[in-house]
Q: 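Okay, handing you the structure first.
Proteins come first, then strands; the chains are lettered A, B, ... in the order of their sequence lines, and each starts at number 1.
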Amino acid sequence: MQGNTACAEGALAAGCRFFGGYPITPSTEIAEHMAAKLPKVGGVFIQMEDEIAGIASVIGASWTGARAMTATSGPGFSLMMENIGFAVMTETPCVLVNIQRGGPSTGQPTMSAQADMLQCRFGSHGDYSIIALSPASVQEMFELTVKAFNLAERFRVPAFLMADEIIGHMRERIEIPDSVPREERKPLTAGALPFRAGEDMIPGFPQFGKGYGVHVTGLTHDERGYPCATSPSLHEDLVKRLVAKVESARHDIADYRVANPDAEVVFITYGSPARTVEQVLHDNPDERIGHLRFRLVWPFSEKALEEFPDAKVFLVPEQNLGQMAREIERHTCIPVVPLPRFGGALHTPAELKKAVEAWR
Amino acid sequence: MTYSDWLRADRLPHIYCAGCGNGTVINCTLSAVDRMGWKKEETVFVSGIGCSSRAPGYIMTDSLHTTHGRALAFATGIKMANPDLHVIVFTGDGDLAAIGGNHFIHACRRNIDLTVVCMNNQIYGMTGGQGSPTTPYGALSTTTPYGSQEPAFDLCELASAAGANFVSRWTSFHVKELTRSIHEGLKIPGFSFIEALVQCPTNYGRRNRFRQVMDQVEYFKTHGILVQKAHRLRDEGLPIPADAILLGDLIRRDRPAMGVRR
Ligand SMILES: Cc1ncc(C[n+]2csc(CCOP(=O)(O)OP(=O)(O)O)c2C)c(N)n1
Ligand code: SF4
Ligand SMILES: [Mg+2]
């Protein structure tokens, strides 16, 4: 099965019943698969007039209680930014898939990249936090899509599947389970204020059509949901809660894989470069070479770095100029070495091996 | 007024300026909804950004106050995901025809079962009076200090050409007629578009020789001409004044529609 098809199958298994989007290489197969499958399970597929409308329709659908998603790549992702902020501000669960290609601009439509990792985290205006997952296999395109839905529902945030073109278009054998884990968004308790959050910082969801009579706005709002855009303390409290509900859970929801924890030279990866590192470890069985692979990239769990107490260097092969390397650097005192390889060319096992040797 | 319990009393007073025409349109809309006998819990109001788009915040139903220009795309998601909900969109001339123009023509083309009420004050009210796509040629605004040099959009022609099932235009002077046409729009499956010309004394009227609020309402009254009369004049070969505002139900048809209640 192709990675993009596995993503669509994961979405269907997770209960996704609404897809709104606009075609773009290399993500289009996801829309096509959803167009074929959703009507058969009572869901809705709609091809919107652009990606701005795609994400808008997804947010609208989510307020009716539907699990909803869109899929795109760089140029479409850029168009979605304003409404991503709207989803954050209104605490709307939704899933966005970005099958990353080379940018900036139209760039390289058919070539793999991981250059939207910071845009995904910071691209909309204002301070906020989101959740992002990065699959490194076709199996993970399925699994992590399911996970993205569950995290979006639980935290009431946009959750991103930040895949790259290689994983999106790769074909591998996968196992589809009979059922998948399912987390529901917590409904609003009758009579409770719609935007008042308890200890977990996540308010109950007042689904449209259930008689809550909720006003939902992208303006800074009080716990009733009413606009109040001039109080510094209200705004500060709201933004801090929106960030904290995700960031405070970062170790709880951390999802990564560790190989050779006693190593001194440690690769840190996510997405397809992980495959090359695995090849290096396979070809050179050597416990002094470690590998930390993030499946969940945002919120970044810096505790994962502690899995390698003897590390003296982190090598970070990415298909960009060093986006996640910057984040890792913030959390460690040892050298962090970005190993950029992009434009569609892949890291070779030989060049990664050479990078290890430079630190021996 | 039996529909006053649809107002969100704990949010009053509202933000509108004294003499603003938007309140009239909200009243007419709620009156039409009341005539439909719809329940609050099955009705959703959606809007973009602007003075006009603040209207849903004063209504006691579920409502989504979205981003500038995008209300119709959000509303499309709501209506397609749950066709049992009645979805009404409030928008402004800038929201609908400038930044949201593409969503407007596509929502009309899809003929999605929404009722869209546009409060056309021919200006960007909320941001202090910049020119909009419906600012009349020659009119003054903060960004057209020498008079607008751009031809204006006819929103109803646009909706008609793009495929809406029902298209109507009235003004804040024509309260009864506006209410009746919104009611028609709510009844008709498919995309219903009602344009309500409204006075914005703060940012349009005072710059364009409507010194008093009522001067512009009076203008709507004296310059409005019923579509039937316009057709008769045309058929008789008589002139239609260049500054006439064509009023009435302009289109009523039965194209296939999307998102209609099952
Ligand atoms: C993307 C974006 N661009 C610009 C604005 C600023 N803005 C807010 S309201 C508005 C114009 C509203 O005009 P209209 O839709 O006619 O509504 P009115 O206030 O006249 O009722 C603009 C430009 C914004 N909120 N978002
Ligand atoms: S600025 Fe104009 S449109 Fe806005 S509330 Fe005042 S009068 Fe109404
Ligand atoms: Mg306006």
Q: Contact part of A:Val58 toward chain B, heavy-atom cut-off under 4.5 Å: side chain, backbone, both or neither?
A: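 Neither part; nothing is under 4.5 Å.
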Q: What is the minimum heavy-atom distance between A:Asp50 and B:His103, and which atoms define it?
A: OD1-CE1, 3.6 Å
Q: State, with a plain yes or no, whether a side-chain heavy atom of A:Tyr226 is found less than 4.5 Å away from one of B:Arg8.
A: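 Side chain of A:Tyr226 against side chain of B:Arg8, heavy atoms only: contact under 4.5 Å found.
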Q: Which atom names give the shortest non-hydrogen contact between A:Phe18 and B:Ala81, and what distance separates them?
A: CD1-CB, 4.1 Å
Q: Do the side chains of B:Ile105 and A:Glu49 get nearer than 4.5 Å, heavy atoms only?
A: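 No. Closest side-chain heavy atoms not under 4.5 Å.
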Q: Do A:Phe208 and B:Leu64 touch side chain to side chain, with heavy atoms closer than 4.5 Å?
A: yes
Q: Between A:Thr90, A:Val214, A:Thr217, who has the most heavy-atom pairs with chain B when the cutoff is under 4.5 Å?
A: A:Val214
Q: Flag the one option from A:Pro227, A:Gly54, A:Gly218 with the top tally of heavy-atom pairs under 4.5 Å to chain B.
A: A:Pro227
Q: Closest heavy-atom contact between A:His215 and B:Gly57?
A: CE1-CA, 3.4 Å
Q: What heavy-atom pair brings B:Ala73 and A:Ala56 nearest, and what distance separates the two atoms?
A: CB-CB, 3.6 Å
Q: With a 4.5 angstrom heavy-atom cut-off, which part of A:Arg224 approaches chain B: side chain, backbone, both or neither?
A: side chain
Q: In Å, rounded to the nearest 0.5 Å, how long is the span from OG1 of B:Thr67 to CD of A:Glu82?
A: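 B:Thr67 atom OG1 to A:Glu82 atom CD measures 4.5 Å (nearest 0.5 Å).
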Q: Checking B:Thr61 against chain A: side chain, backbone, both or neither under 4.5 Å from a heavy atom?
A: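 Contact with chain A is through the backbone of B:Thr61 alone.
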Q: Contact part of B:Leu85 toward chain A, heavy-atom cut-off under 4.5 Å: side chain, backbone, both or neither?
A: side chain
Q: Can you say whether B:Asp10 sits under 4.5 Å from chain A via the side chain, the backbone, both, or neither, judging by heavy atoms?
A: both
Q: Ignoring hydrogens and geometry, is there a side-chain-to-backbone donor-acceptor pair from B:Asn82 to A:Thr64 under 3.5 Å?
A: no
Q: Hey, are the side chains of A:Val216 and B:His65 touching, using non-hydrogen atoms and a 4.5 Å cut-off?
A: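 No. Closest side-chain heavy atoms not under 4.5 Å.
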Q: With rounding to the nearest 0.5 Å, note down the distance linking CZ in B:Phe74 to CZ in A:Phe86.
A: 4.5 Å
Q: I want to check something: taking the side chain as every heavy atom from C-beta on, are A:Leu219 and B:Arg54 in contact at a cut-off of under 4.5 Å?
A: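 A side-chain contact under 4.5 Å exists here.
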Q: For B:Arg110, which atoms come within 4.5 Å of any heavy atom of chain A: side chain, backbone, both, or neither?
A: side chain
